[in-house]
Chemist: 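Below you will find the structure I want to go over with you.
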Amino acid sequence: MPRRRGRRLAFMAMACLTIAACHQGGGVGAAATESGWNGALTLRVVNHSWLDVTIFVLQGTHRERVGTATATSTTEFHLPLRRLTSADYRLFADPIGSRQTVRSEPLHAQDGDVVTWTLEDDLARSSIDVR
């Protein structure tokens, strides 16, 4: 009986190692992790609104919180590229205490990008600049 259990455990361990070795991650984040590349982009949010705004990164149907941009000020965030599952993303702003939201047009992440998102009090008039 112990010999059979040992074989079963050895088989399970080998199966797990094989699956882990064959797994291929995708996107910018996986490539950055595998290569040891620590690229990042800077997100600068210029908030002209009287409300604090929660900022998110959208990728497909996934939404990840970046932080809060304080009302009537400029807030800067540094986003490691390994946090992104692909190079294409959108930004999403959700003002605290308001139902009005805004999202950016699609963007493409590159190491060293400085993304300046200016949020106006009327969010529909907001603009974005990538350098």
Chemist: If you group Ile, Leu, Val, Met, Phe, Trp and Tyr by side-chain heavy-atom gaps below 4.5 Å, do Val45 and Val130 land in one group?
Modeler: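 Val45 and Val130: one cluster.
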Chemist: For Arg131, what residues pass the salt bridge (charged side-chain N to carboxylate O under 4.0 Å, His left out) criterion, not counting sequence neighbours?
Modeler: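 Residues passing salt bridge (charged side-chain N to carboxylate O under 4.0 Å, His left out) with Arg131: Asp129.
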Chemist: In the hydrophobic clustering (ILVMFWY, side-chain contacts below 4.5 Å, transitive), which residues join Leu51, or is it alone?
Modeler: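 Joined to Leu51, directly or through intermediates: none.
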Chemist: Which heavy atom in Leu81 sits nearest to a heavy atom in Ala109, and how many Å separate them?
Modeler: CD2-CB, 3.9 Å
Chemist: Any pair with a residue in residues 39-57 that passes side-chain hydrogen bond (donor to acceptor under 3.5 Å, both in side chains), sequence neighbours left out, goes on the list, sorted by first then second residue, please.
Modeler: Thr42-His78, Arg44-Glu76, His48-Glu120
Chemist: May I ask you to test the Leu107-Ile128 pair for a side-chain heavy-atom distance under 4.5 Å?
Modeler: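 SC-SC contact between Leu107 and Ile128 confirmed.
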Chemist: Nearest 0.5 Å, what's the NE2-CG distance between His108 and Leu84?
Modeler: 10.5 Å
Chemist: I'd like to know whether Trp117 forms a side chain to side chain contact (heavy atoms under 4.5 Å, CB included) with Val53, so could you lay out the CA-CA distance, the side-chain angles of the two residues, the decisive distance to 0.1 Å, and finally the verdict.
Modeler: CA-CA 12 Å; Trp117 198 16; Val53 178; over 6 Å; no
Chemist: Do Phe77 and Val46 sit in one hydrophobic cluster, given that two such residues count as connected whenever their side-chain heavy atoms are within less than 4.5 Å of each other, even indirectly?
Modeler: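 No, separate clusters.
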Chemist: For Arg83 and Leu79, work out which heavy atoms get closest and say how close.
Modeler: NH1-CD2, 3.7 Å
Chemist: Quick one: hydrophobic cluster around Leu58, which other residues, with the 4.5 Å side-chain cut-off, linked directly or via members?
Modeler: Phe56, Phe92
Chemist: Distance check, rounded to the nearest 0.5 Å: Asp121 atom CG versus Leu123 atom CG?
Modeler: 7.5 Å
Chemist: If the condition is side chain to side chain donor-acceptor pair (under 3.5 Å), which residues does Thr70 pass it with, not counting sequence neighbours?
Modeler: none
Chemist: Any idea which heavy atoms bring Gly39 and Asp111 closest together, and the distance?
Modeler: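 For Gly39 versus Asp111, the nearest heavy atoms are CA-OD1, 3.2 Å.
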Chemist: Taking only residues two or more places apart in sequence or in another chain, which ones pass side chain to side chain donor-acceptor pair (under 3.5 Å) with Arg65?
Modeler: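 Scan of Arg65 (side chain to side chain donor-acceptor pair (under 3.5 Å), adjacent residues dropped) gives Thr68.
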Chemist: Under the side-chain contact (heavy atoms from CB on, under 4.5 Å) test, which residues partner His62, sequence neighbours left out?
Modeler: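 Result, side-chain contact (heavy atoms from CB on, under 4.5 Å) vs His62: Glu64.
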Chemist: Starting at CG of Leu91, measure out to CD of Glu105 and round the result to the nearest 0.5 Å.
Modeler: 9.0 Å
Chemist: Assess the residue pair Tyr89 and Val115 against the criterion (side chain to side chain contact (heavy atoms under 4.5 Å, CB included)); give the C-alpha distance rounded to whole Å, side-chain angles, the decisive distance to 0.1 Å, and a yes or no.
Modeler: CA-CA 12 Å; Tyr89 68 100; Val115 179; 3.6 Å; yes
Chemist: Specify the closest pair of heavy atoms between Arg90 and Ser104, including all atoms of both residues, with the distance to one decimal.
Modeler: NH1-O, 2.9 Å
